[in-house]
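Accompanying notes for the structure given below.
In the text below, chain A, chain B and the rest are named by the order of the sequence lines, each starting its count at 1. Heavy-atom basis, side chains included; hydrogens, waters and symmetry copies ignored.
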Amino acid sequence: MSFYSIQKTRQTSTTISFLFNLFPVFPSSYHSLPIQQTPFVHSFSPSPTPHCYTSLLQSCIDSKALNPGKQLHAQFFHLGFAYNEVLATKLVHLYAVSNSLPNARNLFDKIPKRNLFLWNVLIRGYAWNGPHDTAISLYHSMLDYGLKPDNFTLPFVLKACSALSAIGEGRSIHEYVIKNGWERDVFVGAALIDMYAKCGCVMDARHVFNTIVVRDVVLWTSMVATYSQNGHPDESLSLCREMAANGVRPTEATLVTVVSSSADIACLPYGREIHGFGWRNGFQSNDRVKTALIDMYAKCGSVKVARALFERLWEKRVVSWNAIITGYAMHGLSVEALDLFEKMRKEARPDNITFVSVLAACSRGRLLDEGRALYNLMVKDYGINPTVQHYTCMVDLLGHCGQLDEAYDLIRHMSVKPDSGVWGAMLNSCKIHGNVELAELALEKLIELEPDDSGNYVILANMYAQSGKWEGVEKLRQLMTDKGIKKNIACSWIEVKNKVYAFLAGDVSHSNSDAIYAELKRLEGLMHEAGYAPDTGSVYHDVEEDEKTSMVCSHSERLAIAFGLISTSPGTRLLITKNLRICEDCHVAIKFISKITEREITVRDVNRYHHFKHGMCSCGDHW
DNA sequence: CGGATAACCT
């Protein structure tokens, strides 16, 4: 809590107690006393009027003082003012803002004349705290009651739609908005954008955004967040730039959102650009922005910068601990992640996400005993029920350590329905340990859960190919054709001198293409001398573009590396990002390249970091 | 009575 907010709280409570000294409040046992016997009435002459309570209740509302409010309620209930419109309205307001919705609802139902404000605060209460569908049904009751929703009602009920992803209800409210002229209201607009964002309708959100010409920072941020939450981090970044060009200053929310977009792109120049943008706008010591930056630097490969930022936080909250622990886990630095977890336990209470992070760290480091111990710690000491993500980590951990039967056993006995993540971890473990039977079973489940993901088929196809089961390869190829499954096109990116270059497999479109291929050829010669033998015969190459035999040495990651080598000075670290898993053969090749060229090469593939150095990789050759 | 925000496994 900041110094300012402590001061603020103290002042409010002083005001409240001052007022209560003027108007003593009954203990709750007086509720049952007949009105003539209550000390209040005897001690005041003349009796208090409803007006006396107005400012008292307002103070309760301002400081969310629920219990004093309840006592006042009891008082004027006895005095017969309970359904006085002004007092009842304030009380419902107090109950609604202090998370006492059943009380608010009870009183609300008894008030004969319900004004728009009453409906609004109640709908707001349910929209924010749930049950969300209650907010929507209240909205309909309000229409039946004959009141017209205003620019407060509409954002509140839209918030409920957003929480429920109720797109049908959301669209019909949008129609109401258009018919009744709220189209250009920024509050209604931001709520509509958010509702469409949470329902995955990016185009509809953009349409709302375009309709409003006079935009404020929240409207911009809502649209920036829509892109970020729906897998368009690049759009999110460029919209933020457009916002800045329009002279709109970012808020904390804008920055947190756009920093996370740059984390998703995992491209340091963009991240640094946003970091500077935040700095110039005075957010250099904002902990929430800093936490987003910790995540961004870790995802962009600079875990040391992330750690430095973490150490300089004002206050280390759970989210910040989770971000830095996840950062270490992502880079395979399991021991550091677990050390930090031990430190964390002394300062903050780990939550379920913390355990996802540490279990993932164990899995990366093949720390079987530690992982089991942490799982027990979570369930027994912290009373956290395992979610599907914890099971995924455990299956991944057991599977990586060769305990495939135990992993399968865990899946059969887990308390939640295994999802594609769980079966994906199982399939991957089978691949590492060459268990074709269990892999077939896992793929069967995966086809039920996510039939369009080509990566799953590819893993089993490669396993068949490695064990010479060509009829299995053929069967899968046919299955993919029948289901019309699109192959993913592999792409790698590299940053050189603050510019980003993209490469597809077999790409010859780059202006330096000749030099890139010459460098690859030169390296190949040196690699063969060092003992490299391309692993082409045993791998199934026809499923992904990425893995065609003729292109085995021109995979996108190798092109990016070759380009990096000829475009940077000796010794510079290279950072490559790839949209799919790194292939087996490239993994071997890059180990050689790191040794031959004496470079540190980092490849961030679709789900982890590979740090190549002196001919070795941080992933320990299983991924 | 308002609106937008970060950490999560394959």
What does [X] touch in the nucleic acid at a heavy-atom separation under 4.0 angstrom: a base, only the sugar-phosphate, or nothing?
X        : answer
A:Asp351 : base
A:His93  : sugar-phosphate
A:Asp216 : base
A:Val289 : nothing

Separation of [X] atom [atom1] from [N] atom [atom2], in whole Å?
X        : N      : atom1 : atom2 : result
A:Met195 : B:dA4  : CE    : P     : 13 Å
A:Asn428 : B:dT10 : CG    : P     : 8 Å
A:Leu255 : B:dA4  : CG    : P     : 17 Å
A:Asp194 : B:dG3  : CG    : C1'   : 8 Å
A:Tyr196 : B:dA4  : OH    : C1'   : 18 Å
A:Ile173 : B:dG3  : CD1   : P     : 17 Å
A:Lys290 : B:dT5  : NZ    : P     : 23 Å
A:Asn230 : B:dA4  : CG    : C1'   : 14 Å

Choosing from [options], which nucleotide comes nearest the side chain of [X]?
X        : options              : answer
A:Ala225 : B:dA4, B:dC9, B:dA7  : B:dA4
A:Val256 : B:dT10, B:dG3, B:dA6 : B:dA6
A:Phe156 : B:dC1, B:dA7, B:dG3  : B:dC1
A:Val218 : B:dG3, B:dA7, B:dT5  : B:dG3
A:Asp396 : B:dG3, B:dT5, B:dT10 : B:dT10
A:Arg608 : B:dA7, B:dC9, B:dT10 : B:dT10
A:Trp128 : B:dG3, B:dC1, B:dA7  : B:dG3
A:Thr291 : B:dA6, B:dT10, B:dG3 : B:dA6
A:Thr392 : B:dG3, B:dT10, B:dA6 : B:dT10

Q) Is there a donor N/O on one and an acceptor N/O on the other, under 3.5 Å, for the side chain of A:Thr251 and the base of B:dA4? A) yes
Q. Could one point to a donor on the side chain of A:Gln389 or the base of B:dC9 with an acceptor on the other under 3.5 Å away?
A. no
Q: Any chance you could measure A:Gln284, atom CD, to A:Lys290, atom NZ, to the nearest 0.5 Å?
A: 9.0 Å
Q) Do any side-chain nitrogens or oxygens of A:Arg364 fall under 4.0 Å of OP1 or OP2 in B:dT10? A) yes
Q. Can you find a side-chain donor-acceptor pair between A:Ser357 and A:Asn322 that sits under 3.5 Å?
A. no
Q: Answer yes if the side chains of A:Tyr196 and A:Arg206 hold a donor-acceptor pair under 3.5 Å, and no otherwise.
A: no
Q. Which residue pairs satisfy the salt bridge (Lys or Arg N to Asp or Glu O under 4.0 Å) criterion with at least one member in residues 189-199 of chain A, sequence neighbours excluded?
A. A:Asp194-A:Lys198
Q | Presence of salt bridge, A:Arg105 and A:Asp109, under 4.0 angstrom | A | yes
Q.
The criterion is side-chain hydrogen bond (donor to acceptor under 3.5 Å, both in side chains); which residues satisfy it with A:Ser285, sequence neighbours excluded?
A. none
